[in-house]
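Data block below; observations after.
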Amino acid sequence: MKNIKDTKTSKEKETIRLKLEVVAKKLATTAKELAITAKEKEDVRLKLATTAKELATTSKEKEEVRLKLAEIAKELKIKAEQQNKVQVKLKESEIRYRRLFESAHDGILILDSETGQITDVNPFLEKLLGYSKAEFLNKKLWEVGAFRNMKASKDVFGILQKDGYVRYDDLPLETKDGEPVAVEFVSNSYLAGGTLVIQCNIRDITERKKVEQIKESKRQLEDERIKIQSIADATHELRTPVAIIKGNVDLAMKNAEGKTLKSPKMALKAINYEIKHLSGILADLSLITSKAWELKNRIVYEKVNLRSLIKTVVVRCKALSFKKNISITSKEIPNIEILGDKGYLEKMLVNLVKNSIIYGYENGHTVIDTAKSKGFITINITDDGIGIKKEDLPHVFERFYRADKYQKSGGNSIGLGLAIVKWIAETHGGEASAKSGENGKGSIFSILLPVKTL
Ligand code: ADP
């Protein structure tokens, strides 16, 4: 019995074991399935985590973008405000420009830079030239009567297109009625709203010209008066030695009649002196009144050593400067040779040094120096004398010009010395100029000469 029971139990056990095995298999499968699910879940979890992270990043970025957008919006607002302000300012300046344009006391024309057509004209120009706005507008500059007579009008426009600027100090225009109007014409081009426009400013200078003409005729009259006066002075200068000669002849003749007045020798000496003086003045006068070609023919060219030329001038002039105790010094003169007429070159420098003594103060100084430049030599004669007024400077080289005709120049001053200087310098291919010394004291006369060799 017990065995049967035992057998049954073992069978049952086997069944149970088999069952258990099945269950265990199922469990293993389930466990496997569960493991897969868990892995999937983990994957999902991980994915979710990544997504969450990504989402977090995106929202951060979104926030950043939002902030940036806010900033840009702010900037745009500021810019818009600024632009508004600029617009207001532009409007204001346009109004101001318009007012100036309308009320200007100068004529203003605006032209299209491409076609030359008049696009605007201000009331002043309408009034000045007698044309209405309609007569000006949409016509070309040279089609308007006032400019029509100007042969050069088209060329002017060409220059304007090319250079963007043109200026005429004195342009003759005509009104609609044919009256002449003198104007100053200044024109330039500028960009306005992307297009190039040309603005012409036209100023009526009739009054200014009248004043200038009056001034000029006054100056010419004064010049003429000075010249006539100078010629009278020159005549007087000539009469003095003649009178002295006559006096000496009389004295000598009286002596010849047995009266004791002046010995013929003394009289002849005095006459000789006056004749020299007289012929000096006559030589200057003939030099300055001769025709240019006659003068040119008198020049005898030779090589002249500059150093010895200046030395001779200094020695000769020292005899004159002695009385006023004026020193004459020459600085380092280069040992060069120039091509010219020795006699005339000497006369030119003597005239200048003589003037520095005549118009110099007692115990004054005259300095001669030179400066070399390419192909030229400049000789400067500087003094510390009375100087020359600014308004006289441009005229001192004119014939018969004397800066101050009441100025005692001690002797035969007839205002020819510098005219001769200028003539000699120019005939030698150079030039003469004068300027005030430093701080307006004294004068500096300069001679520019070409350095040529034979
Ligand atoms: P002038 O015979 O009168 O001296 P110039 O032709 O030599 O004639 O000179 C013309 C004028 O220039 C003089 O009258 C004088 O007023 C002025 N002048 C010439 N040289 C000098 C100088 N070195 N300093 C001041 N004035 C001068």
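For ligands, and for the atoms within them, numbers begin at 1 and follow the listed sequence. Residue numbers start at 1 and run along the sequence shown.
Annotation: Tyr344 is not in aromatic contact with His428 [ring centroid separation under 6.0 Å not met].
Using modelled atom types, one finds no donor on one side chain facing an acceptor on the other under 3.5 Å when comparing Asp177 with Thr175. A donor and an acceptor atom, one from each side chain of Tyr131 and Glu126, are nowhere located under 3.5 Å apart.
The shortest N/O to N/O separation between Leu418 and ligand 1 falls below 3.5 Å.
No side-chain heavy atom of Leu393 sits under 4.5 Å from any side-chain heavy atom of Lys389. Looking at heavy atoms from C-beta onward, Lys176 lies in side-chain contact with Glu135 at the 4.5 angstrom threshold.
Comparing heavy-atom distances from atom 23 (N) of ligand 1 across Val421, Ile388, Asp383 singles out Asp383 as nearest.
With ligand atoms numbered from 1 in the order given, ligand 1 contributes 22 (C), 24 (N), 25 (C) to contacts under 4.0 Å with heavy atoms of Ser443. Heavy-atom proximity to Gly417, at under 4.0 Å, picks out these atoms of ligand 1: 5 (P), 6 (O), 7 (O). The ligand atoms of ligand 1 that sit less than 4.0 angstrom from a heavy atom of Val396 are 10 (C), 12 (O).
Distances shorter than 4.0 angstrom occur between a heavy atom of Gly387 and an atom of ligand 1.
A salt bridge between Asp170 and Lys209 is present, with a side-chain N of the basic residue lying under 4.0 Å from a carboxylate O of the acidic one.
The part of Phe445 lying near ligand 1 is the side chain, judged by heavy-atom distances below 4.0 Å.
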